[in-house]
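Take a look at the structure set out below.
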Amino acid sequence: TIGMVVLDGSGHIAAGTSTNGLTHKVPGRVGDSPIAGAGAYADSSAGGAAATGDGDVMMRFLPSYLAVELMRAGADPSAACEAAISRIKRHHSQFFGAIICANTTGHYGAACNKVSGFTQFHFMVSNPETDAPVLKSVDCL
Amino acid sequence: HASLPLVINTWPFKNATFTAWSVLQAGGSVLDAVERGCARCEAEQCDGSVGYGGSPDESGETTLDAMIMNGNTMEVGAVADLRRIKNAIGVARAVLERTDHTLLVGESASVFAENMGFVAEDLTTNKSVNIFSQWLKGNCQPNYRKNVSPDPSTSCGPYRPRSTPTPRQQQQSERTRHANQRSHD
């Protein structure tokens, strides 16, 4: 799955996702990716976020919406991402998932839930400082 | 690291980031950047979890989900369980721009896509056929069914409802094994 958040120089935000879902899913199963607020969310007055992982679990908690609303309330993107992951972890300690967050000023962050074989989450960033795609990573909670 | 514009995406999909960034630099909109960036991943089948030929379902078919959201207008276009159309994010954009709806699903979403000029083609590849074959040979493991008979942890279907539910704790530990860095939303 890819989840993407884009901001232009004026602070306009868009977000998107694309996926072929989980392997061996029951036919007809749909994950979090096409659900606004779950797979991704964007509000140019607050920020954008995109989630990835086990959509069956993650879509129940609307993590992208939660992260954007936390940024609207003043949380920095890393803290917003961490809170969204922690909210799910409270109910599903072993869920597989991660989220990226960006606010209206171009600050960004990410968070993930640590499970066996998944202790770091990698994501890509491009902005005027990098002027090219740069690989970033975050240690999982 | 506060600077604009910004492209950020999940996983190390560098070409998708590059494409979205290039669209912005060329004067494209944020929606254009998201659509083209995600479409790049669909075409390249990023890590097998995006686009055609990946993540076959129980019947061996690849289906696609995609969504695009405009943070200025709060408009959303999305497709789910999309069949036979490779450019899922493009169809999502078409839902946003050419309907008053938010989410189209399944066979009807594919018909909508064809009507909007998207090409219908088989999403199966040799790789997805192989993944499906190995799954069948391995007694259909891993498996997302529960509370059915025969036991989905050891047997393929067809399945029928079973009266005795699996303990919740066991369900959660099985769940953790299923979704991973090679199989995710």
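Letters A, B, ... are given to chains in the order of the sequence lines, protein chains preceding strands, and every chain is numbered from 1.
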Can you check whether [X] reaches [Y] side chain to side chain, under 4.5 Å on heavy atoms?
X        : Y        : result
A/Thr23  : B/Ile131 : yes
B/Pro12  : A/Leu135 : yes
A/Pro128 : B/Pro5   : yes
B/Gln181 : A/Phe96  : yes
B/Ile8   : A/Phe123 : yes
A/Asp131 : B/Trp21  : yes
B/Thr17  : A/Ser126 : yes
A/Val6   : B/Leu24  : yes

Give the minimum heavy-atom separation between [X] and [Y], together with the two atoms involved.
X       : Y        : result
A/Pro27 : B/Ser59  : CG-OG, 4.1 Å
B/Leu6  : A/Gly106 : CD2-O, 3.8 Å
B/Ser49 : A/Thr19  : O-OG1, 3.4 Å
B/Ala16 : A/Met4   : O-CE, 3.7 Å
A/His24 : B/Glu58  : O-CG, 3.7 Å
A/Val26 : B/Tyr144 : CG2-CB, 4.5 Å

Could you look at [X] and say if it's the side chain, the backbone, both or neither that has a heavy atom under 4.5 Å from chain B?
X        : value
A/Ala98  : neither
A/Thr104 : backbone
A/Phe121 : side chain

Original post:
Does A/Asn20 use its side chain to pair, donor to acceptor, with the backbone of B/Gly53 at less than 3.5 Å?
Top reply: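 Side chain of A/Asn20 to backbone of B/Gly53: no pair is present.
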
Subject >> B/Ser55 backbone acceptor or donor facing A/Lys25 side chain under 3.5 Å >> reply: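 Judged by distance alone, yes, a pair lies under 3.5 Å.
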
Original post:
Near A/Lys89 NZ, under 6.0 Å, is it more than 12 heavy atoms from other residues, nucleotides or ligands?
Top reply: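 Correct, the count exceeds 12.
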
Original post:
Hey, is CZ on A/Arg87 packed in by over 12 heavy atoms from elsewhere, all under 6.0 Å?
Top reply: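 Counting neighbours around CZ of A/Arg87, 12 or fewer heavy atoms of other residues, nucleotides or ligands fall under 6.0 Å, so no.
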
[X] with [Y], same ILVMFWY side-chain cluster at under 4.5 Å:
X        : Y        : result
A/Leu66  : A/Tyr108 : no
B/Val50  : B/Tyr52  : no
B/Val95  : B/Val76  : no
B/Val91  : A/Ile2   : no
B/Val105 : B/Phe118 : no

Table please: side-chain donor-acceptor pairs of residues 109-117 of chain B below 3.5 Å, with sequence neighbours left out.
unit_1: B/Ser110; atom_1: OG; unit_2: B/Arg83; atom_2: N; d: 3.1
unit_1: B/Ser110; atom_1: OG; unit_2: B/Arg83; atom_2: O; d: 2.7
unit_1: B/Asn115; atom_1: ND2; unit_2: B/Val111; atom_2: O; d: 3.4

Original post:
From A/Thr1 OG1 over to B/His184 NE2, what is the distance, rounded to the nearest 0.5 angstrom?
Top reply: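 Answer for the OG1-NE2 pair, A/Thr1 versus B/His184, is 5.5 Å.
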
With respect to chain B, which residue among [options] yields the maximal number of heavy-atom pairs within a distance under 4.5 Å?
options                              : result
A/Gly28, A/Ala36, A/Gly53            : A/Gly53
A/Gly39, A/Pro34, A/Ser10            : A/Pro34
A/Val125, A/Ile13, A/Thr130, A/Thr17 : A/Thr17
A/Met58, A/Met124, A/His12           : A/Met124

**OP:** Under 4.5 Å, counting heavy-atom pairs only, tell me which of B/Trp135, B/Phe13, B/Phe18 racks up the most with chain A.
**Re:**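 Ranked by contacts with chain A, first place is B/Trp135.
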
Original post:
For the candidates B/Pro56, B/Cys41, B/Ala80, B/Ser128, which exhibits the highest count of non-hydrogen atom pairs separated by less than 4.5 Å from chain A?
Top reply: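 Top count of heavy-atom pairs under 4.5 Å with chain A: B/Pro56.
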
**OP:** Could you list which of residues 63-75 of chain B have a heavy atom closer than 4.5 Å to any heavy atom of chain A, in residue-number order?
**Re:**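 From residues 63-75 of chain B, the residues near chain A are B/Thr63, B/Leu64, B/Asp65, B/Ala66, B/Met67, B/Ile68, B/Met69, B/Asn70, B/Gly71, B/Asn72, B/Met74.
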
Subject >> Pairing of B/Asp185 and A/Arg29 as salt bridge, 4.0 angstrom limit >> reply: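 Counted as a salt bridge, because a side-chain N and a carboxylate O are separated by less than 4.0 Å.
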
**OP:** Name the region of B/Leu31, side chain, backbone, both or neither, that has any atom closer than 4.5 Å to a heavy atom of chain A.
**Re:**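 Contact with chain A: backbone and side chain both.
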
